[in-house]
Each structure stands twice: as C-alpha cells, then as structure tokens.
Amino acid sequence: MQLVPLGAVRPGAVLGRSLYLDERTLLRDGISLSERLLRRLAELGFEAVYVREPDEPDGEEIPDLLSEETRRQASLAVRTYVNRLKRGYAVDLRPVAAAVNQVLDEVLANGSVVLQLGAIRAIRDEQEYLFHHSVRVCATSVLLGIHSGLDQRELKVLGMGAMLHDVGKVQVPQAVLRKQGALTPEERQTMEQHTTHGFEILRQHRDLDIRAAHVAYQHHERWDGSGYPRRLSGEEIHRFARLTAVADVFDALTSQRPYRPAWPAHEAVAFVHEGAGQAFDADVVRTFLARVAPYPVGTLVQLNTGETALVVRLNEKAPARPVVRVWNGRAQAAELDLFVHLEQRIVGPVTPNGMPEGPASPEGPASRP
Ligand SMILES: [Fe+2]
C-alpha cells in the first residue's frame with residue numbers, strides 16, 4: 001500500500017484506505033478508482049490517497065492514534081459546544097469532557113504507537129477544519145503529555161485545554177477566518193485575539209480547571225518571547241500550553257489550508273525540530289521527535305544507497321528509522337529494518353516519477369494563527 005499524490009494515481013488503482021468527507025465515509029477501501037472518481041476527489045480537495053495494486057493483498061492495518069469512531073464523536077462534541085456558544089445558548093462541557101476521556105483512553109492504549117497520519121479526509125470549510133483540528137491537537141498533546149510524564153489528572157486538564165484551544169475563534173468574524181489572501185495588520189490583530197477570547201470563555205466554566213483556560217490563552221506564546229498575546233517566554237508559559245503549541249503547529253502544517261497545500265510530515269517534523277529552543281520548548285521537541293514519524297507508512301523514500309524503498313512499518317523506538325521494503329515495483333521485495341541496519345538511512349521522500357522531492361516551497365507556516 002502506498003500513499004500517492006492524487007495527480008499520480010492511475011485509473012483502476014484500488015483504494016487502500018477509506019476516505020472521509022467531514023464526518024462521513026465517502027469511499028470505502030477496496031474500491032477501484034475510475035477516472036471520474038479521481039476527478040471528483042480532486043474537486044473535493046483530496047491531495048493524496050492510499051492505493052494498492054489490484055493483485056496486492058490487503059495490507060497490514062496502518063496504526064493510528066485514534067479510531068474513526070472516537071474522532072467522529074469527539075469532533076461532534078466540539079461542534080455542539082461551539083455552535084451553542086455562537087448562538088448564545090447555555091453550554092455544557094460534559095460531552096467534551098467525555099470525548100477527552102475517550103481520546104485519552106485510546107492514546108494510552110495505543111501508547112506504543114508512533115504518531116501516524118490521520119485518516120485521509122477532505123475538509124470543506126474553516127468550521128469543519130476547526131472541529132477536526134481540535135481533536136487531532138488534543139490527541140497529539142495528550143500523546144506528548146504521556147511521554148512527558150504527566151499523571152492522569154494532568155492529562156485530562158491538558159486534553160480539555162487542547163481540545164478547546166481555539167474556541168475563541170467563535171468571536172473572530174467569518175470574513176477574517178475565511179480570508180484567502182494575506183491578512184492586513186488589523187485583521188491579524190483581530191485573529192490573534194482568539195487566544196484572549198478563548199481564555200475569557202473557558203474561565204467562566206466553574207467545573208473547568210483554570211489551567212485548561214490558560215492553554216487557550218497561551219498556545220501561541222513562543223519560548224523566545226516572540227508569540228502572543230502577552231509575549232510570555234520560557235517557563236512563564238504554562239507547560240500544558242508549551243505541549244499544545246507543538247501539537248497545534250504540527251497539525252496545522254500537515255493540514256491542507258485554503259491558502260496553501262498540506263506539508264508532508266517530514267517537512268513539518270523538520271520545522272518543529274528547527275524551532276527547538278526558539279519557538280518551542282526544547283524538551284517538548286525532544287519528546288515530539290521521539291514519537292512522531294517523519295515518513296508515515298506508505299511513503300516512498302530514497303535511501304542513502306540510492307535505492308528506492310516503501311515504508312511498511314514504524315519502529316516504536318525510532319520513528320525516523322522504519323522498516324522499509326526495497327522497491328523493485330513488486331510487493332514481494334525484500335524488507336529492511338533501518339533500526340537494525342544503521343548504515344542505511346532515509347535521505348528523503350521520492351516523488352511518483354522517481355525523482356527525489358525538491359526543496360519545500362510552502363508559504364510561511366506561521367502566516368495564520
Ligand atoms: Fe490558535
């Protein structure tokens with residue numbers, strides 16, 4: 001099974017992993033992709049899909065941080081909370097808390113699983129993005145929290161803060177949220193206020209630990225003091241917000257946005273790595289690098305030997321050194337464990353025509369809060 005950019009999928013290829021549109025299953029795995037279907041997927045905004053050859057057997061289950069059912073329920077809980085808040089109705093945090101508990105249980109149960117690309121999903125608008133982004137940031141923050149040694153109670157507070165970190169966006173005008181081009185200085189200021197709005201909203205909940213409200217308040221603060229809204233630095237920033245900041249940036253970069261395509265995982269991992277000690281807490285970045293796979297299962301990569309290989313399994317102890325299958329165009333090719341064969345390493349991904357991928361040219365990642 002291989003993750004292939006949509007434009008390079010040949011008609012007749014078999015879908016290797018189900019596709020989702022918002023909260024619905026759009027296409028189940030195993031379906032043959034006709035030219036018409038491929039066109040439709042491009043119109044819907046899909047950028048890449050998992051495919052397998054028609055004669056290739058069902059691949060191994062690709063490990064994931066969350067089940068699709070938990071994702072669906074959690075995003076529904078955030079959606080309900082946000083929609084009621086917008087209309088000025090009384091809001092109840094209990095369904096969100098139940099969703100956070102479920103996310104926490106699953107991430108704890110899959111604790112050995114290195115973070116993997118989530119389900120492939122087209123997100124139709126900014127609203128839908130907010131719900132799904134919230135769930136992924138919650139799961140990633142909790143994963144980082146577990147491996148930073150937080151206890152169960154701290155993880156629940158972190159999970160609530162991460163799930164609701166962007167809730168202040170309900171008070172940002174749609175015209176600013178949805179704007180495609182660059183923001184004016186005034187619009188940027190309006191956008192940045194989502195942190196303060198979020199804090200004000202969340203601190204009104206008597207049943208919510210105030211540290212969760214501070215995650216919303218501080219998730220755009222940066223270790224070197226370059227963030228907002230209060231330009232806090234270093235350990236002045238609450239630890240939970242430092243964890244959520246890394247999860248937030250990684251998820252935003254690897255998501256497709258109206259103003260830029262999704263970054264491949266290895267580029268987003270490199271971006272976080274480069275920010276260690278500057279934008280981000282170096283300890284959090286260390287934890288992140290030890291848990292997040294720069295080359296998810298299904299990525300075609302180039303080795304330092306010049307060979308092309310397909311990532312088939314992740315090594316829990318070394319996410320940058322997965323088990324690969326040296327590629328000769330057939331599924332039966334030899335497997336190579338890069339955690340054992342330390343003399344070989346991945347130098348980068350390969351584009352479908354066999355050429356190594358060129359340097360990244362994505363728009364400035366910090367361009368949107
Ligand atoms: Fe934010």
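Counting starts at 1 for both ligands and their atoms, in listed order.
Residues satisfying the salt bridge (Lys or Arg N to Asp or Glu O under 4.0 Å) test with R94, not counting sequence neighbours, are D92.
Under the 4.5 angstrom side-chain criterion for Ile, Leu, Val, Met, Phe, Trp and Tyr, L342 has no cluster partners at all.
Within the 2.8 Å limit, H165 places no N, O or S atom next to the Fe ion (ligand 1). Taking 2.8 Å as the threshold, D166 counts as a candidate ligand of the Fe ion (ligand 1), since one of its N, O or S atoms lies below it.
Residue-level check: among N/O/S atoms of H194, NE2 sits closest to the Fe ion (ligand 1).
With respect to the salt-bridge test (charged N to carboxylate O, under 4.0 angstrom), the residues D151 and R153 do not qualify.
Put simply, the residue from H194, H214, H133 that forms a ring-ring contact (aromatic ring centres under 6.0 Å, His included) with H219 is H194.
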